2 protein chains.
Amino acid sequence: MARTTGSDGEKTEAAVREAAVGLIARLGYEAMSMRQLAAEVGVQAAALYRYFPTKEELLFTLMREHMEGLLESWGTARPITPDPVARLAAYVENHIAFHIERRHATHVSNMELRSLSHERLTQILKLRTAYEKELRAILRDGAEAGAFEIDDVGLTAMALIQMMTGVIVWFRPGERLSIAEVTTTYLSMTMRLVGAKIAYSDARQLRMR
Amino acid sequence: MARTTGSDGEKTEAAVREAAVGLIARLGYEAMSMRQLAAEVGVQAAALYRYFPTKEELLFTLMREHMEGLLESWGTARPITPDPVARLAAYVENHIAFHIERRHATHVSNMELRSLSHERLTQILKLRTAYEKELRAILRDGAEAGAFEIDDVGLTAMALIQMMTGVIVWFRPGERLSIAEVTTTYLSMTMRLVGAKIAYSDARQLRMR
DNA sequence: ATATTAATAAAACGAACGTTCAATTAATTC
DNA sequence: GAATTAATTGAACGTTCGTTTTATTAATAT
């Protein structure tokens, strides 16, 4: 056999991406073989190389697109208001929603960095830093405006991101808590952590106007 | 050649453990080969099998001892006082100190769980759950006593642990912040996050008496 | 000194890995 | 309907993997 009936490059590539995210998230990048991935897609291993020149390039593509998606998501969700509380609330809501929706891809982007070449690692870290910078700006503005009580902006940003991203470790859709409940709780924890002067519910109303 | 002059089983085993933690933390369990590990120790790959029957057993041993060490550390540091604020402060201080001291081992224990067999994974998770249970008990007591303001004890516990353990991702000894400074900042963030009624510095004094 | 035990080296095992290549067939274009 | 292009298979490449076996030497006990 060779080309199969109904075969379509675009569909196959999409299926490869999807299967790769799932397999790498579950088994790890090193533990997943190209033959395993091919079997999941329903194709022979050689066919994968039509879409991705190497295994690492596949990993890199998945990671880059995930990080670009995160930045784009925040670019859309970012509010215009200068109010730090409202901006922080928007950041938290977007972060949690995005990461819960893409649990597997987040796992891949966070856990498999060491499998990238130095050059590709730098590219991913650049995107990540740009995203974290947004949070630091919000925290700094809030601290300067007296809206937040923060000891160390950089450290607080890292703590918040670790806390929020950690959701994907234990959260399972359809279990005890809904996404909305989780987000609400994380919002109030965040606001207390940064010593926000206004409760987040007020901030929410502010943003709504 | 065969047995080398000055060779000693205990020393070799210790060297294997140490080298394995470092290599797995840096490269990942799957990416580290037994030959690489042997080279790091200065020995042939076959010699490793005198101390660990399989590669997975080696990983499991490292993880189990790390988790047991964590539980033992908390067992020693745990204060007698019923005051939730003092107990939470002790938990945070112990957690951060332990994890910063054992950055590499923590990395291994957190990142390589998927490389364990189902049975061994269960054993490690049991230890982890026991440790997390201690934090939940502190939070519950504090919430019931009115010392804390907590929406959801389980969720708060997970958020705190993710936040605290996240230190090992970015903290590098000898950089901008000292361990003491980091710990102090994380303590105040923690106390604000749980809505502690007393500042942690007061709690510290309470514990000191 | 001799016998025994501990610690290692050296070589080999089959299996699996990422990747390449040539052949083959489906879909598309002319 | 013939020619071309797109998509895939099947087989093979050399390498590396975890692990086992056997032989050899150092340290220890007798």
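As a basis for the values below, the full set of heavy atoms in this structure was taken, side chains included, without hydrogen atoms, waters or symmetry mates. Here is the naming used below: chain letters follow the sequence lines, and residue numbers restart at 1 for every chain. Everything numeric here is computed off the predicted structure, so don't read it as measured data.
- Recorded end-axis angle for the helix from dA1(C)-dT30(D) to dC30(C)-dG1(D) stands at 10°, based on five pairs per end and rounded to 10 degrees.
- dT8(D) atom P lies 12 Å from atom CD of E10(A), rounded to whole Å.
- Taking the ring axis of Y91(B) as reference, the NZ or CZ atom of R87(B) does not stay both within 45° of it and closer than 6.0 Å to the ring centre.
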Item to check | Intermediate values then yes/no, side-chain hydrogen bond (donor to acceptor under 3.5 Å, both in side chains), D152(B) and T185(A) | outcome: CA-CA 8 Å; D152(B) 185 304; T185(A) 305; 5.8 Å; no

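- Between Y186(A) and W170(A), the angle of the ring planes stays under 30°, which puts this pair in the parallel group of the 30/60° scheme.
- Residues forming a side chain to side chain donor-acceptor pair (under 3.5 Å) with H104(B) (at least two apart in sequence, or on another chain): none.
- The CZ-P distance, from R50(A) to dT9(D), rounds to 12 Å in whole Å.
- Using modelled atom types and a 3.5 Å distance limit, the side chains of T165(B) and H99(B) yield no donor-acceptor pair.
- With sequence neighbours excluded, no residue satisfies side chain to side chain donor-acceptor pair (under 3.5 Å) with Q162(B).
- Taking atom CG of residue L48(B) and atom C1' of nucleotide dA9(C), one finds them 12 Å apart after rounding to whole Å.
- Remark: E132(A) engages no residue in a side chain to side chain donor-acceptor pair (under 3.5 Å) (not counting sequence neighbours).
- For the side chain to side chain donor-acceptor pair (under 3.5 Å) test, no residue two or more places apart in sequence or in another chain qualifies with R136(A).
- Within the 4.0 angstrom heavy-atom criterion, no nucleotide atom of any strand lies near F52(A).
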Checklist entry - How would nucleotides 11-21 of chain C be written as a contact map, 5' to 3', with B for base contact, S for sugar-phosphate-only contact and - for no contact, using protein heavy atoms under 4.0 Å? => result -B----BBBBB

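- Contact annotation: T12(B) side-chain N/O to dT8(C) OP1/OP2 distance is under 4.0 Å.
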